[in-house]
Chemist: 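The structure is given below, and queries will be raised subsequently.
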Amino acid sequence: MLKTKEMILFRINDLNGAVAEVIVQTVTRGKISRVVECTPETISEEIEKFLSEGEFRKYSTVYIIGSRFEKKLADRITELMVEEEVEFVYRDHHRESLDLSKYLWGRVLLFDANSNPISSAKNLYRDIVSEQHPKYIRLSLLVDMANASITGYVPLEDEAGKAMIEELYKLAGSSSKFAESMIEKIMSNDAFFNEADIIAKIEAEKRAKEEAEEEMRVMKERFKKRNTGLW
């Protein structure tokens, strides 16, 4: 089978995985032709199917981001990298994944060089995004905000960004829609994240919630007064 220059990404269906997708799609200029969204419970099954059916032969690079998978599959991947012309890249940040860091194609980091928690997405970002990349600044902003949300470590400068990225992720409705939206925003020349529209939507939702709560409070108060008058 003729090997293409296409790439495939296996990622967890959360914010961390979505940001990893944004990074690789931006850096590779859309050469990720297939994205497989997994859960920690299904990722081994998806990778095993991918390997056993020989689908890996269609790709030049396979990214696996954000979760541990079975060691027997890691051993098989090592064999394939010798036997076949395919590159595997594995990045994670979970303690239970540390046993997979022994593989040359894998890297599991819990902390960065400054002993601060690091997400799989930021691990990948530091690996493949250079300062010369035309979208370096935009990717850097996205990754830092997401890293603060994913790891719980929030530097002072990322506090507002953490809140915004969490709201954006919630408004997107799904991991894949968030990734799609962020790729479009990073690649465009429009205002990054379109903050004005986002804030307006957040404020409108907040007002609607407050009005509903006030209406409920008034109804409860009226009900209480009505019942009090019966006794």
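Quick note: numbers below take in every heavy atom, side chains included, and nothing from hydrogens, waters or symmetry partners. Sequential numbering from 1 along the given sequence is applied to the chain's residues.
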Chemist: According to ring-ring contact (aromatic ring centres under 6.0 Å, His included), does anything in residues 111-170 pair up with another residue at least two apart or in another chain? List the pairs.
Modeler: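 Matches after skipping sequence neighbours: Y169-F178.
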Chemist: Can we say K170 and E167 salt-bridge, meaning some charged N sits less than 4.0 Å from an Asp/Glu carboxylate O?
Modeler: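 Here K170 pairs with E167 in a salt bridge, since their nearest N and O are under 4.0 Å apart.
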Chemist: Would you say Y63 and I118 are hydrophobically clustered, going by side-chain heavy atoms of ILVMFWY under 4.5 Å?
Modeler: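 Y63 and I118: separate clusters.
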Chemist: Please report the closest heavy-atom contact between N16 and G66, naming both atoms and the distance.
Modeler: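 In terms of heavy atoms, the two residues are closest at ND2-CA, 3.8 Å.
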Chemist: Compare every heavy atom of M187 with every heavy atom of K135, then report the nearest pair and how far apart it is.
Modeler: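 For K135 and M187, the tightest heavy-atom pair comes out as NZ-O, 3.5 Å.
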Chemist: Side-chain contact test, heavy atoms from C-beta onward, threshold under 4.5 Å: evaluate it for L15 versus S149 and give yes or no.
Modeler: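 They are in contact (side-chain heavy atoms under 4.5 Å apart), so the answer is yes.
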Chemist: Verify, without hydrogens or angle tests, whether S120 (side chain) and H93 (backbone) share a donor-acceptor contact under 3.5 angstrom.
Modeler: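 A pair under 3.5 Å: yes.
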Chemist: Could you tell me whether a side-chain N or O of D158 sits under 3.5 Å from a main-chain N or O of K162, the two making a donor and an acceptor?
Modeler: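 Side chain of D158 to backbone of K162, a donor-acceptor pair under 3.5 Å: no, none is there.
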Chemist: Using a strict 4.0 Å threshold on nitrogen-to-oxygen distance, state whether R217 and E213 make a salt bridge.
Modeler: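 The answer is no: the pair does not qualify as a salt bridge.
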Chemist: When you measure from the side chain of R91 to the backbone N and O of N123, does any donor-acceptor pair fall under 3.5 Å?
Modeler: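 Pair absent, no side-chain N/O of R91 close to backbone of N123.
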Chemist: Do the side chains of R57 and E84 get close enough for a salt bridge, i.e. N-O under 4.0 angstrom?
Modeler: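 The answer is yes: the pair qualifies as a salt bridge.
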Chemist: For S175, give me all partners under side chain to side chain donor-acceptor pair (under 3.5 Å), at least two apart in sequence or on another chain.
Modeler: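 S175 satisfies side chain to side chain donor-acceptor pair (under 3.5 Å) with R11 once adjacent residues are dropped.
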Chemist: Among V27, V143, I186, whose side chain to side chain contact (heavy atoms under 4.5 Å, CB included) with V22 holds?
Modeler: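 Option passing the side chain to side chain contact (heavy atoms under 4.5 Å, CB included) with V22: I186.
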Chemist: Salt bridge check: are R107 and D127 linked by an N-O gap of less than 4.0 Å?
Modeler: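 Between D127 and R107 there is a salt bridge, with a charged N closer than 4.0 Å to a carboxylate O.
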Chemist: Under 30°, 30 to 60°, or over 60°: which ring-plane class applies to Y59 and F50, parallel, tilted or perpendicular?
Modeler: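 Answer is tilted, since the angle falls between 30° and 60°.
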Chemist: Taking salt bridge (Lys or Arg N to Asp or Glu O under 4.0 Å) as the criterion, tell me which of E70, E83, E48 meets it with R76.
Modeler: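 One option only clears the test, and that one is E83.
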